[in-house]
Amino acid sequence: MMEKPVPKHRLVESPLTVAALYKFAPLENLDQKRQLLLDLCERNEVLGTFLLAEEGINGTVAGSPEAIHIVIDWIRSWQEIEQLEVKFSKSDSRNFRRMKVRIKKEIVTMGMENVDPLNQSGEYIEPGDWNQFITQDEVMVIDTRNTYEVSMGKFKDAINPNTENFSEFPDWLDDLSNIEDKTQKIAMYCTGGIRCEKATAYMKQIGFENVFQLKGGILKYLEEIPKAESMWEGECFVFDERVSVGHNLKVGSYALCHACRHAINEHDKLSPLYQLGISCPKCYKITSDIQKKRFKERQKQVDLAKARNEVHIGSKPIFS
């Protein structure tokens with residue numbers, strides 16, 4: 001499908017509202033929903049990503065508070081959506097460069113058929129009850145996220161499955177199926193809750209009886225639990241240009257390398273391999289001289305645009 005023309009951009013006043021949501025529901029008329037949702041976001045200058053599938057909707061978007069609520073209220077009006085939980089936070093930047101609404105086979109890719117989070121997911125544990133629950137001796141705590149996310153922060157003593165993507169997670173879980181005691185209490189968590197819906201459903205499918213998940217994920221926990229009472233260690237990776245957040249969902253210390261899009265910390269920035277917009281320790285050795293030259297020219301144009309108090313063309317919103 002051809003991309004729609006880029007509308008004349010007007011910078012939305014800060015702070016912006018960031019909304020993260022998901023809902024498993026048997027959606028119909030996906031093509032129609034996609035176009036109407038894209039048009040609504042475009043009219044209201046909302047940027048981010050929505051994924052639609054027959055199993056539901058998943059997305060994170062940013063815009064003015066009024067615009068975000070217009071979009072959320074419209075999704076809530078869908079006849080298939082009985083209840084939609086949304087996690088809101090604030091940001092001083094736009095966080096996304098474009099608006100995408102895509103139709104996918106899954107709204108979170110696990111790659112397993114017959115996993116039914118609508119009817120077979122784990123029991124919710126409220127953030128306020130999470131600390132007490134996971135400190136029980138008989139509870140096994142599992143982080144369902146990917147390795148690079150876990151490296152930024154995790155709950156104390158949680159098991160890291162060392163996966164590169166969520167589609168590897170079922171294979172890791174299959175090893176746990178050898179545990180003879182299927183009454184073992186297992187508590188799972190992820191960024192916003194969506195991966196746990198499928199992970200806990202799969203655990204029940206392979207025979208585990210006592211499976212639990214953190215309601216609202218890490219983001220809800222960081223929003224509700226005071227830092228002094230928290231068992232969270234580090235920061236939480238988020239899938240937008242804030243990169244990470246901490247307690248009270250305040251923007252964290254990580255940044256993005258705009259050459260490779262990997263998260264970098266202050267230590268990475270001190271490396272001789274780091275050049276703003278050009279390279280970082282994670283990508284310096286894998287990008288060519290031609291690529292570095294192109295990145296250098298792009299960064300030059302970004303700096304010139306910033307000096308003129310303009311938005312660089314590469315940062316204007318694209319709707320697709």
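What you see is a predicted model; the values in this text were computed from it and never measured.
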message: With a 3.5 Å distance limit and no angle check, can you tell me whether Arg298 reaches the backbone of His258 through a side-chain donor-acceptor pair?
response: yes

message: Heavy-atom count check: over 12 atoms from other residues, nucleotides or ligands less than 6.0 Å from Glu138 CD?
response: yes

task: Would you check if Trp74 and Leu36 make a side-chain contact, meaning some heavy-atom pair closer than 4.5 Å?
output: yes

- prompt: How far apart are the closest heavy atoms of Val46 and Ala67, and which atoms are they?
  reply: CG2-CB, 3.7 Å

task: State, to 0.1 Å, how close Phe96 and Leu47 come at their nearest heavy-atom pair, and which atoms those are.
output: O-CD1, 3.2 Å

- request: Decide if atom CG of Leu270 counts as having more than 12 heavy atoms of other residues, nucleotides or ligands within a radius under 6.0 Å.
  value: yes

query: Is a side-chain donor-acceptor pair under 3.5 Å present for Ser279 with Lys292?
result: no

message: Hydrophobic clusters here meaning ILVMFWY residues chained together by side-chain heavy-atom distances under 4.5 Å, can you tell me if Phe208 and Val115 are in one?
response: yes

- prompt: If you measure from SG on Cys260 to NZ on Lys282, what distance do you get to the nearest 0.5 Å?
  reply: 7.5 Å

- request: Can you see which heavy atom on Lys204 is nearest to which on Ser121, and at what distance?
  value: NZ-O, 3.4 Å

Lys33 and its salt bridge (Lys or Arg N to Asp or Glu O under 4.0 Å) partner, picked from Glu28, Glu54, Glu80: Glu80

task: Could you tell me whether the side chain of Thr135 and the main chain of Asn131 form a donor-acceptor pair under 3.5 Å?
output: yes

message: Membership question, hydrophobic clusters at under 4.5 Å side-chain separation (ILVMFWY): are Met152 and Val245 in the same one?
response: no

message: Do the side chains of Glu149 and Arg195 get close enough for a salt bridge, i.e. N-O under 4.0 angstrom?
response: yes

message: I'd like to check Thr191 versus Leu219 (side-chain heavy atoms, cut-off strictly below 4.5 Å). Are they in contact?
response: yes

message: Under a 4.0 Å threshold between the charged nitrogen and the carboxylate oxygen, would Glu266 count as salt-bridged to Lys269?
response: yes

message: Between Glu241 and Arg97 (salt bridge meaning N to carboxylate O under 4.0 Å), is one present in this structure?
response: yes

query: Can you tell me if Asp31 and Gln35 form a side-chain donor-acceptor pair at under 3.5 Å?
result: no

message: Salt bridge or not between Glu224 and Lys220? Use side-chain N to carboxylate O under 4.0 Å.
response: yes

query: Can Ser89 and Glu223 be said to form a side chain to side chain donor-acceptor pair (under 3.5 Å), step by step?
result: CA-CA 9 Å; Ser89 56; Glu223 178 185 358; over 6 Å; no

query: Do the side chains of Ile134 and Met231 get nearer than 4.5 Å, heavy atoms only?
result: yes

- prompt: Below 4.0 angstrom, N of the basic side chain to O of the carboxylate: do Lys198 and Glu55 qualify?
  reply: yes

- prompt: How far does CG of Leu173 sit from CE of Met112, to the nearest 0.5 angstrom?
  reply: 9.0 Å

task: Assign the ring pair Phe239 / Phe237 to parallel, tilted or perpendicular, where the plane angle (0 to 90°) is split at 30° and 60°.
output: perpendicular

message: Working to the nearest 0.5 angstrom, can you tell me the gap between Asn265 CG and Tyr254 OH?
response: 5.0 Å

query: Can you find a heavy atom in the side chain of Ile75 that is under 4.5 Å from one in the side chain of Leu84?
result: yes

message: Quick check for you: to the nearest 0.5 Å, what is the distance between Glu123 atom CD and Lys185 atom NZ?
response: 9.5 Å

task: Compare all side-chain heavy atoms of Val18 with those of Lys90 and state whether any distance is below 4.5 angstrom.
output: no

task: Please report the C-alpha distance between Gln213 and Tyr124 in whole Å, then the side-chain angles of each, then the deciding distance to 0.1 Å, and finally whether the side chain to side chain contact (heavy atoms under 4.5 Å, CB included) criterion is met.
output: CA-CA 5 Å; Gln213 59 181 305; Tyr124 291 125; 3.7 Å; yes

- prompt: Would you say the side chain of Leu27 lies within less than 4.5 Å of the side chain of Trp78, judging by non-hydrogen atoms?
  reply: yes

message: For Phe169 and Thr144: C-alpha separation, side-chain torsions, deciding distance, then whether side chain to side chain contact (heavy atoms under 4.5 Å, CB included) applies.
response: CA-CA 7 Å; Phe169 199 71; Thr144 69; 3.8 Å; yes

- request: Answer yes or no: are there more than 12 heavy-atom neighbours, outside Gln136 itself, under 6.0 Å from its atom CD?
  value: yes

Asp240 side chain vs Arg242 backbone, donor-acceptor pair below 3.5 Å: yes

query: Under 3.5 Å, is there a donor-acceptor pair between the side chain of Thr109 and the main chain of Gly111?
result: no

message: Does Phe88 have more than 12 heavy atoms from other residues, nucleotides or ligands lying within 6.0 Å of its CZ?
response: yes

task: Before giving the answer on side chain to side chain contact (heavy atoms under 4.5 Å, CB included), spell out for Ile225 and Trp130 the whole-Å C-alpha distance, their side-chain angles and the decisive distance to 0.1 Å.
output: CA-CA 10 Å; Ile225 305 303; Trp130 182 252; over 6 Å; no

- prompt: Going from OG1 on Thr60 to CZ on Phe50, what distance comes out if it is rounded to the nearest 0.5 angstrom?
  reply: 8.5 Å

field: Other residues, nucleotides, ligands: >12 heavy atoms within 6.0 Å of Asn178 CG
entry: yes

message: I'd like to check Ile72 versus Leu21 (side-chain heavy atoms, cut-off strictly below 4.5 Å). Are they in contact?
response: yes

task: For the pair Leu222 and Cys236, evaluate side chain to side chain contact (heavy atoms under 4.5 Å, CB included) and give the outcome as yes or no after the intermediate values.
output: CA-CA 9 Å; Leu222 294 178; Cys236 177; 3.9 Å; yes

- prompt: Between the side chains of Tyr202 and Asp116, does any donor sit under 3.5 Å from an acceptor?
  reply: no

field: NZ/NE/NH1/NH2 to OD/OE distance under 4.0 Å, Glu209 and Lys182
entry: no

- prompt: Any idea which heavy atoms bring Asp92 and Pro15 closest together, and the distance?
  reply: OD1-CB, 3.8 Å

- prompt: Got a second to check how far Ile194's CD1 is from Asn58's CG, nearest 0.5 Å?
  reply: 3.5 Å

field: Other residues, nucleotides, ligands: >12 heavy atoms within 6.0 Å of Asp289 CG
entry: no

message: Suppose the criterion is side chain to side chain donor-acceptor pair (under 3.5 Å): which pairs have a residue in residues 153-168, not counting sequence neighbours?
response: Asn160-Asn162, Asn165-Ser167

message: Can you classify the ring geometry of Trp232 versus Tyr189 as parallel (below 30°), tilted (30 to 60°) or perpendicular (above 60°)?
response: perpendicular

message: Check this for me, if you would: do Glu197 and Lys23 make a salt bridge, where the nitrogen-to-carboxylate-oxygen distance has to be below 4.0 angstrom?
response: no

query: Can Lys87 be said to sit on top of Tyr22's aromatic six-ring, NZ or CZ under 6.0 Å from centre and within 45° of the ring axis?
result: no

- request: Measure from the side-chain N and O atoms of Ser230 to the backbone N and O of Lys227, and report whether any donor-acceptor pair falls under 3.5 Å.
  value: no

field: Shortest non-hydrogen separation from Asp268 to Ala263 and the atoms involved
entry: OD2-O, 4.2 Å

- prompt: Are Met110 and Glu106 close enough that some pair of their side-chain heavy atoms sits under 4.5 Å apart?
  reply: yes

query: Distance only, no hydrogens: is a donor on one side chain within 3.5 Å (strictly under) of an acceptor on the other, for Glu45 and Ser64?
result: no

- request: Kindly say whether Ile125 contributes a backbone atom to a donor-acceptor pair with the side chain of Asp129 at under 3.5 angstrom?
  value: no

field: Any donor-acceptor N/O pair, Asp181 side chain to Thr183 backbone, under 3.5 Å
entry: yes

field: Exercise: identify the closest heavy-atom pair between Thr200 and Phe212
entry: CG2-O, 3.9 Å

- prompt: Is there a donor-acceptor pair under 3.5 Å between the side chain of Gln275 and the backbone N or O of Cys280?
  reply: no

